[in-house]
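Numbers here simply count residues along the sequence, with the first being 1.
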Amino acid sequence: GINRFLAKTWDARTGKELRKSYNFEKNTQSAAFSPDGQRVITAGWNYMAKIWDVRTGKEMLALKGDAHHVTPDAWSPDGQRVITVSYDNEAKIWDARTGQELLNLTGHDDRVFNASFSHDGNRVVTASTDKTAKIWDARTGNEMLTLAGHDNKVMSATFSSDDRFVVTT
């Protein structure tokens with residue numbers, strides 16, 4: 001039989017399990033709520049991300065491509081786009097309404113482990129096991145900056161609340 005792994009939704013006040021119908025045929029590795037809390041994006045080892053309706057638990061979209069992982073900041077602030085990362089050294093920006101791939105962010109020399117939108121939605125920062133983070137224009141996909149200097153792989157990168165700074169680990 002096929003192993004099924006679920007992403008579950010919980011009530012953060014009571015600890016009650018609310019929904020467990022976000023279903024993959026292979027391991028679901030990560031999940032993130034949309035800014036309005038109405039949708040969830042999940043990604044896993046089946047090279048696909050899916051967007052789900054939180055209320056009904058039904059699949060709304062399948063984002064087919066090398067999508068291994070999503071991070072808590074996977075959604076653009078307006079909820080119109082999502083970003084996925086993969087082990088093929090790329091990050092992809094998708095239209096969260098249609099599932100269409102909008103941009104393919106290429107330029108890392110090793111797998112991309114983390115990505116997040118800036119709070120104004122204009123930039124994306126990616127973290128890679130190539131020991132760099134990169135800042136990209138979220139509308140054009142153009143690389144704006146490479147943040148080098150880590151002695152080891154960069155596991156996470158995120159913008160400060162005013163988008164003036166990026167912290168990497």
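- In this structure, the side chains of S156 and N114 come closer than 4.5 Å at one or more pairs of heavy atoms.
- The line from OG of S161 to NE2 of H119 is 6.0 Å long, rounded to the nearest 0.5 Å.
- Side-chain contact, Q80 with R97: a donor N or O sits under 3.5 Å from an acceptor N or O.
- The closest side-chain donor-acceptor pair between N89 and H108, if any, does not fall under 3.5 angstrom.
- For R123 against A138, the heavy-atom pair with the smallest separation is N-CB, 3.8 Å.
- Shortest non-hydrogen contact noted between F117 and P77 is CB-CD, 4.2 Å.
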For this session: Please lay out, stage by stage, how M60 and K58 fare under the test side chain to side chain contact (heavy atoms under 4.5 Å, CB included).
Result: CA-CA 6 Å; M60 299 172 71; K58 293 189 180 191; 5.9 Å; no

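- Taking 4.5 Å as the limit, every side-chain heavy atom of V85 sits out of range of all side-chain heavy atoms of F113.
- Counting heavy atoms from C-beta on, the side chains of W75 and I51 come closer than 4.5 Å.
- Looking only at atom types and distance, the side chain of T106 has no donor-acceptor partner in the side chain of N104 under 3.5 Å away.
- To the nearest 0.5 Å, the span separating OG1 on T129 from CG on N152 amounts to 9.5 Å.
- Scanning all heavy atoms of the two residues, the minimum distance from I41 to A74 falls at CG2-CB, 4.4 Å.
- For the residue pair T168/H150, the side-chain donor-acceptor check at 3.5 Å is satisfied.
- Checked by atom type, the side-chain pair K134/T126 shows no donor-acceptor distance below 3.5 Å.
- Considering only heavy atoms from C-beta on, K153 comes within 4.5 Å of M155 through its side chain.
- Taking Ile, Leu, Val, Met, Phe, Trp and Tyr as members and joining any whose side-chain heavy atoms lie under 4.5 Å apart, directly or through other members, the hydrophobic cluster of V125 also contains I135, M144, L145, L147, F159, V166.
- No hydrogens or angles considered: a donor-acceptor pair under 3.5 Å links the side chains of D73 and T158.
- Between the side chains of S116 and T71, no donor N or O sits under 3.5 Å from an acceptor N or O.
- The two residues A31 and T42 come nearest to each other via the heavy atoms CB-CG2, 3.8 Å.
- Note that CG of D120 is 4.5 Å distant from CG of D163, once rounded to the nearest 0.5 Å.
- By the rule that hydrophobic residues join a cluster once side-chain heavy atoms approach within less than 4.5 Å of another member, L103 and W94 end up as members of separate clusters.
- At distances below 3.5 Å, not a single donor-acceptor pair connects side-chain atoms of R55 with backbone N or O atoms of R39.
- Of the residues listed (V70, I93, L102, L63), the one engaging V82 in a side chain to side chain contact (heavy atoms under 4.5 Å, CB included) is L63, and it is the only one.
- Counting only distance, with no hydrogens or angles, the side chain of D110 and the backbone of D130 share no donor-acceptor pair below 3.5 Å.
- A distance of 11.0 Å separates OG of S34 from CG of D78, quoted to the nearest 0.5 Å.
- With contacts defined as side-chain heavy-atom distances shorter than 4.5 Å, the pair I83/L105 qualifies.
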